[in-house]
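See structure below.
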Protein chains: 4
Amino acid sequence: MEPSRPLRADAVRNRTKILDAAREQITRLGPDVPMDTIAEAAGVAVGTLYRHFPTKTDLVTAVIGEHSELITQAIEAAAERVAGGADAMSEISALMSHIVEAAASDRAVKAAAQDVGAEFLTPEQESRSRAATTAMIEAAQRDGRLREDVTADDFYLLILTAPTAVEPAVRARWLQLFLAGFTTSRN
Amino acid sequence: MEPSRPLRADAVRNRTKILDAAREQITRLGPDVPMDTIAEAAGVAVGTLYRHFPTKTDLVTAVIGEHSELITQAIEAAAERVAGGADAMSEISALMSHIVEAAASDRAVKAAAQDVGAEFLTPEQESRSRAATTAMIEAAQRDGRLREDVTADDFYLLILTAPTAVEPAVRARWLQLFLAGFTTSRN
Amino acid sequence: MEPSRPLRADAVRNRTKILDAAREQITRLGPDVPMDTIAEAAGVAVGTLYRHFPTKTDLVTAVIGEHSELITQAIEAAAERVAGGADAMSEISALMSHIVEAAASDRAVKAAAQDVGAEFLTPEQESRSRAATTAMIEAAQRDGRLREDVTADDFYLLILTAPTAVEPAVRARWLQLFLAGFTTSRN
Amino acid sequence: MEPSRPLRADAVRNRTKILDAAREQITRLGPDVPMDTIAEAAGVAVGTLYRHFPTKTDLVTAVIGEHSELITQAIEAAAERVAGGADAMSEISALMSHIVEAAASDRAVKAAAQDVGAEFLTPEQESRSRAATTAMIEAAQRDGRLREDVTADDFYLLILTAPTAVEPAVRARWLQLFLAGFTTSRN
DNA sequence: CATGAATGAGACTTCATTCAT
DNA sequence: GATGAATGAAGTCTCATTCAT
């Protein structure tokens, strides 16, 4: 679980700086930012960048990975609150809203992901978030608030297709419509 | 609109070949296919390609334009059938299904569109399809099959966010869920 | 002396149009104007242009030829006036001034000439203008107005090195200085 | 003026090689030599060339800059000799001869300069050489060897119009004639 | 281990010239 | 004979990646 020896302190610092810069640059300028640009923004030389990420694909994958991890954690947190008694359907709504907003601001990262053919979630994140999502879904179904046939996959679909390049209000409308299709009643 | 004389027969032939090749290549390999590759696939020299489309952007725009036109026509056809007495909600469902499938196979074209900053519909297509969509929506609402607050914009959202890189079955499920949110009852 | 059959009337017209356009375009945009641009300016298709001038070099050469012919004629006219009794040195001054101004306005043509490696005068023009120039020089020398060692070649040098990309006033000063070196006295 | 750290040893070496190659190639083949050709002649890859000179214009400008600097220094050296007691008119003659010869061998560079719209002298070089030239002119005028109305600008005109594509002997004759126009007596 | 210079394939585009219509 | 579409070599420049310092 600790594959390579622990990185030296400054190496860690560099890795962080690179990842920060990459996220920012890719988000701002799209998936085609030159590696040199990212390196400069990170305050390191390209060589250093390549030491940490042997390939552009690796770098993009890492950036996406950060994002996915945050999302996975948000899902788990919501599931825990539901387990602790919070209202399932409300948590689901809030969670989706949050995820969709986050995805929007990272639209370029998403584009980069496709460019690069990277998967959005690692297998490990996939199973963690699937478990958490399923738990919430079942709770909401027990509450009679969610259609019986809705599964975790349906929510993935929702996340996957969230519109990115539109106004927040439009995104909200989209989410409202989509979630309406999931729910049992509409009052 | 016909200022320049009609293109010579062989020029027309080439234009078609180029457009076909471009659609195919971009769809298959993404928006970054080199112009040379497209030219070769079309069986012409690059120079010919550039005579027809002075810029890569122009070419991509043209490819998208074809697609948009087909979609616009499909919308208008459906609206006409509804005007002629066909069931509005059925037509809408079928239309959406068709559009979403078509969009899927052209996912790369969609990507290219974004890359290029091209609008998906020309203003003219936009107003044509908006008129037709609105007519169908109103008919379905009169039938009591569509929520009263649904507008043409909502359908654009649907089209815009249709998942592309997934199995047809998944896409069908997605459409089912999304349309469920639009409808009045669920039987 | 009439090598190929006389051109058809419209062919003559086209040749003229092309030459006019070429002179104008090259002068205005430099020696790198595309053949297509010249053809368009001439109101003919490239093919026609190529029928008249099989090569860009040929076209440029022809344009220069026109210019050289005019100059040659100006020289001959001046020589005739001198032969008719006009003041040799005045005629020479005026002639040089004229030639230098003309060369300036055709600077791009001159550039094109170098680009293309074309000679400025044809052998035939060369001998005509040499004869005329020599006659004037001898007359001016008889008048005691020109250094004894000055030859026609010296005047070619003057024409060859006339500054082009400068103000007319500067050109006038240049000519004044240069001619001063040719003359016997300076009052 | 020294913001960026000194170039690495090998970078300096390459810069020199590139400049040398560029000078040679442009001189030999004219201002249109492909960048690839220059790179190859320099023994580097194009990328390296572009790292040092982001644009062809930049490269040409640099080549011209070298030349202008050498000329400026030659002018200053001559002026210093005059200040130290050397004969002004002799120095001027020799200097011009030198400049004109140098310009001839760099004729293509001169052409390139025009092509590129680059000024021949930087403002700084311009004022340095103007000061030096003026000093020499005044000395020669005090000696009674130069016309009173001759200025530094006249000498620039001389330099500007020096014939390039001719035999050295012809160039010498040209200079003799031109300078004759500058001088007071002709014995 | 960082640096940043070097590499070189390949992208887009232009244009003299040829050739089918 | 005119037209203008097609050709394709060549040019400038970019950028992921390697490697000397």
Side-chain angles (χ1 to χ4, degrees), chain A residues 7-8 10-11 14 32-40 43-59, chain B residues 4-5 7-15 18 32-40 42-59, chain C residues 7-8 10-11 14 32-40 43-59, chain D residues 4-5 7-15 18 32-40 42-59:
Chain A
L7 286 172
R8 263 173 35 185
D10 59 339
N14 273 345
D32 285 342
V33 247
M35 292 295 258
D36 281 26
T37 303
I38 295 174
E40 190 182 12
V44 302
V46 245
T48 305
L49 194 162
Y50 271 93
R51 168 165 295 274
H52 286 277
F53 304 95
T55 276
K56 192 176 189 181
T57 298
D58 292 327
L59 176 57
Chain B
S4 42
R5 71 191 56 189
L7 281 176
R8 244 166 50 183
D10 56 343
V12 175
R13 210 161 35 242
N14 274 339
R15 192 171 206 282
I18 289 170
D32 285 342
V33 249
M35 291 295 260
D36 284 31
T37 303
I38 295 174
E40 192 181 8
V44 302
V46 245
T48 302
L49 196 163
Y50 274 94
R51 162 172 279 270
H52 286 276
F53 305 96
T55 277
K56 191 176 190 181
T57 297
D58 292 328
L59 176 57
Chain C
L7 285 173
R8 262 174 33 186
D10 59 339
N14 273 344
D32 285 341
V33 246
M35 291 295 260
D36 282 27
T37 303
I38 295 174
E40 191 182 12
V44 302
V46 245
T48 304
L49 194 163
Y50 272 92
R51 168 166 292 275
H52 286 277
F53 304 95
T55 274
K56 192 175 190 181
T57 298
D58 292 327
L59 176 57
Chain D
S4 42
R5 70 190 56 189
L7 281 176
R8 244 167 50 183
D10 56 343
V12 176
R13 210 159 37 242
N14 274 339
R15 191 170 207 281
I18 290 170
D32 285 341
V33 246
M35 291 295 259
D36 284 32
T37 303
I38 296 174
E40 191 180 10
V44 303
V46 244
T48 302
L49 195 163
Y50 274 95
R51 162 173 279 270
H52 287 276
F53 304 96
T55 277
K56 191 174 190 183
T57 298
D58 292 327
L59 177 57

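Computed over heavy atoms, backbone and side chain alike; hydrogens, waters and symmetry mates excluded. Numbered from 1 within each chain, the chains take letters A, B, ... in sequence-line order.
- Across the interface with DNA chain F, nearest-nucleotide mapping of V33(A) and T55(D) shows T55(D) to be the residue nearer the 5′ end.
- L49(A) contributes atom CG, which lies 10.5 Å from atom NZ of K56(A) (distance to the nearest 0.5 angstrom).
- Comparing M35(C) and V44(A) by the nucleotide of DNA chain E whose heavy atom lies nearest to each, the residue mapping closer to the 5' end is V44(A).
- In DNA chain F, consecutive stretches of 3 or more Watson-Crick or G-U wobble pairs with both distances under 3.5 Å are given as paired ranges: E:2-21 with F:2-21.
- Here the closest heavy-atom approach between residue F53(B) and residue L59(B) is recorded as CD1-CD1, 3.6 Å.
- Between A45(D) and A39(D), the shortest heavy-atom distance links the atoms C-CB, 4.1 Å.
- Summarising the geometry, the separation between CG on L59(B) and C1' on dA11(E) is reported as 15 Å, rounded to the nearest angstrom.
- Minimum atom distance to the side chain of R51(A) is reached by dC1(E), of the listed dA5(F), dC1(E), dT3(F).
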Please list each protein N or O that sits under 3.5 Å from an N or O in nucleotides 18-21 of chain E, with the distance.
none

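- Rounded to an integer number of Å, the gap from L49(D) CG to dG11(F) C1' is 13 Å.
- Between atom CD1 of residue I18(D) and atom CZ of residue R13(D) there is a gap of 12.5 Å, rounded to the nearest 0.5 Å.
- Among dC15(E), dT17(E), dG8(E), the nucleotide with an atom closest to any side-chain atom of P34(C) is dC15(E).
- If you measure from atom NE2 of H52(A) to atom P of dT17(F), you get 17 Å, rounded to the nearest angstrom.
- Rounded to an integer number of Å, the gap from E40(D) CD to dG11(F) C1' is 15 Å.
- For I18(B) and dA5(F), the CD1 to C1' distance is 11 Å, given to the nearest whole Å.
- The distance from the OG1 atom of T37(B) to the CE atom of M35(B) is 10.5 Å, given to the nearest 0.5 Å.
- Straight-line distance from the CG atom of D58(C) to the P atom of dA16(E): 14 Å, rounded to whole Å.
- Atom OG1 of T48(B) sits about 13.5 Å away from atom CZ of R15(B), to the nearest 0.5 Å.
- With DNA chain E read from its 5' end, the first of the two nearest nucleotides for T48(D) and D36(C) is the one closest to T48(D).
- Looking at the side chain of A45(D), the nearest of the listed nucleotides dT3(F), dT7(E), dT17(E) is dT7(E).
- If you measure from atom CZ of F53(A) to atom C1' of dA2(E), you get 16 Å, rounded to the nearest angstrom.
- Distance from the side chain of K56(A) is smallest for dT17(F) among the nucleotides dG4(E), dT17(F), dC13(F).
- The separation between D32(A) atom CG and dA16(F) atom P is 8 Å, rounded to whole Å.
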